[in-house]
Amino acid sequence: MNIQLKNDYIILKALKDEDITTQSGLIIPKETQNEDQVAKGKVLENGNEYKKNDILLFHKIVPIDVELKIEGKLTKVWFIKEKDIIAVI
């Protein structure tokens, strides 16, 4: 993928809703996650602070939804600002 991200944006691949386990072992059940507010995604391109394949929890209200062709198939991705990231999980 040849995308130059600007203005502190990160590109994430949308991940399916499931229980979230943080690095410290905290489990956030999918039933308690408000799907209108929180989402999880995998970093597709390195950012300032986040690296490719990091899994991030972020405010879902803010992202820009786009479908891009990645490795030959359409994939839902989100563009978000680094300031909207809640945690690396």
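Keep in mind that what you see is a predicted model, and the values were worked out from it rather than measured.
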Non-neighbouring partners of Asp65 that pass side-chain hydrogen bond (donor to acceptor under 3.5 Å, both in side chains), sequence neighbours left out: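 If we apply the side-chain hydrogen bond (donor to acceptor under 3.5 Å, both in side chains) test to Asp65, skipping adjacent residues, the hits are Trp78.
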
side-chain hydrogen bond (donor to acceptor under 3.5 Å, both in side chains) against Asn7, all qualifying residues, sequence neighbours excluded: none

Within this structure, what is the [atom1]-[atom2] distance for the pair [X] and [Y], rounded to the nearest 0.5 Å?
X	Y	atom1	atom2	result
Leu56	Ile80	CG	CD1	6.0 Å
Asp8	Glu49	CG	CD	10.0 Å
Leu68	Ile11	CG	CD1	5.0 Å
Lys51	Asn48	NZ	CG	8.0 Å
Tyr50	Ile55	OH	CD1	13.5 Å

I need the minimum non-hydrogen distance between [X] and [Y], along with the two atoms involved.
X	Y	answer
Glu45	Leu5	CB-CD1, 4.3 Å
Lys40	Ile89	CD-CD1, 3.2 Å
Phe58	Ile86	C-CD1, 3.7 Å

Trace of the side-chain contact (heavy atoms from CB on, under 4.5 Å) decision for Lys42 with Asp54: CA-CA 6 Å; Lys42 181 165 128 180; Asp54 281 352; over 6 Å; no

Within the supplied structure, the quantity of interest is the number of heavy atoms (other residues, nucleotides, ligands) at a distance under 6.0 Å from Lys69 NZ; does it exceed 12?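 Count not over threshold, so no.
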
Quick check on Lys81: does its NZ atom have over 12 non-hydrogen neighbours (other residues, nucleotides or ligands) under 6.0 Å away? yes

Side-chain contact, heavy-atom cut-off 4.5 Å: Val77 with Leu12?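 SC-SC contact between Val77 and Leu12 ruled out.
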
Pairwise side-chain contact, Glu82 with Ile10, heavy-atom cut-off 4.5 Å (strictly under): yes

